[in-house]
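Just so you know, ligand 1 is whichever comes first in the structure, and atom 1 is the first atom listed for that ligand.
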Amino acid sequence: MNIRTILVSLLVFNMSFNDALAYDWGKTGHRATAQIAEGYLTKKAKKQIDKLLQGQGLALVSTFADDIKSDRDYKSYSPWHYVNFEFDKKYGEETPSEFGDLVSGINKCVTVLKNEFSSEEEKRFYLKMLVHFIGDLHQPLHVGRGEDKGGNDIQVRWFNDGSNLHRVWDSNMIEDFKMSYSELALNAEELSKAEVETIRNGELLNWIYESQVLAKKVYASAEVGEKLGYRYMYDYFPVVREQLQKGGIRLAKVLNEIFD
Ligand code: ADE
Ligand code: ZN
Ligand code: ZN
């Protein structure tokens, strides 16, 4: 093998490696959700969270669960980023994965955080994971079909680049909008008290089912190999922004209940 072949192989390997590590909701999406949540925390919850996170904000810790994905020691948490169960069935009708999923993962985080005997270190770890997973659950394709890995296997074009349906929703649309996470949070739609209450309604499984309903629409929104661009952005980016905002409001609800 000459040096050129080695370099090209390294480049290709590195590219596919990066693909495999694609961020859920992208960093910007997770941070926007976390930043929106900050605005809905009670004083009491905020104080305890600040202490636990040693002053790091929710936005900063929101990508932790993705950052540890490539570390072997944390491999067991990989299935916690999504949940796949048959459309129009209820979660648990089929036996959930023994390796855990988004639903059991979130429940584990809440249980550890509510347990007065958990150590500070355990609580810190599961709080960071929780901030991330509540974000993930609002990406519709994280409640998608298992057969195509939540749209990861559905190849499409994003403008002139190769992509897949999952990545379009995780990051392509958000990145192309070219707003920082704090700008996205600051420019979230102004909601009435009643609208916020409606979003707060329900609990984890209701929110999961809501995402699954959206996932069906997302699957119907594009054909394999289709070139998506401005039109797709126009039709679906408002949904992305709404999901980020719902994620933030609901994350705050969950945290306020834990740290009450
Ligand atoms: N990422 C990897 N596998 C996935 C799946 N089955 N559903 C959603 N996201 C995924
Ligand atoms: Zn994802
Ligand atoms: Zn994730």
Checking a contact table here: which protein heavy atom is nearest [atom], and how many Å away?
atom	value
atom 1 (N) of ligand 1	N152 ND2, 3.5 Å
atom 6 (N) of ligand 1	N84 OD1, 2.8 Å
atom 2 (C) of ligand 1	Y82 CE2, 3.6 Å

For a distance under 2.8 Å, give residue and atom name for each protein N, O or S atom next to the Zn ion (ligand 3).
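Hits for the Zn ion (ligand 3) below 2.8 Å: D24 OD2, H81 ND1, H132 NE2, D136 OD2.
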
For [Y], is there any backbone N or O sitting under 3.5 Å from a side-chain donor or acceptor partner on [X]?
X	Y	value
D170	W25	yes
Q139	L141	yes
K114	I258	no

With atoms numbered from 1 as shown, which atoms in ligand 1 lie under 4.0 angstrom from a non-hydrogen atom of H166?
9 (N)

Please report whether the ring centroid of H81 lies less than 6.0 Å from that of H142.
no

Compute the ring centroids of Y230 and F159, then answer whether they are less than 6.0 Å apart.
yes

Ligand 1 and R145, any nitrogen or oxygen pair closer than 3.5 angstrom?
no

Within the 4.5 Å heavy-atom criterion, are S62 and Q35 side-chain neighbours or not?
no

To the nearest 10 degrees, could you say what angle the Zn ion (ligand 2) makes with NE2 of H166 and OD2 of D170?
90°

Matching residue for K246 among E195, E189, E210 - test: salt bridge (Lys or Arg N to Asp or Glu O under 4.0 Å):
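One option only clears the test, and that one is E210.
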
Of the backbone atoms (N, CA, C, O) and the side-chain heavy atoms from C-beta on, which set of L141 has a member under 4.0 Å from an atom of ligand 1: side chain, backbone, both, or neither?
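Just the backbone.
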
Measure H81 to ligand 1 on non-hydrogen atoms and call it side chain, backbone, both or neither using the 4.0 Å cut-off.
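H81 to ligand 1: no contact under 4.0 Å from either part.
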
Parallel, tilted or perpendicular: ring planes of W80 versus F133, cut at 30 and 60 degrees:
tilted

Thinking salt bridges, do R167 and D161 make one under a 4.0 Å N-O criterion?
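Looking at D161 together with R167, the answer is no, because their closest N to O distance does not fall below 4.0 Å.
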
Within 45° cone and under 6.0 Å: K90 NZ/CZ vs Y209 ring:
yes

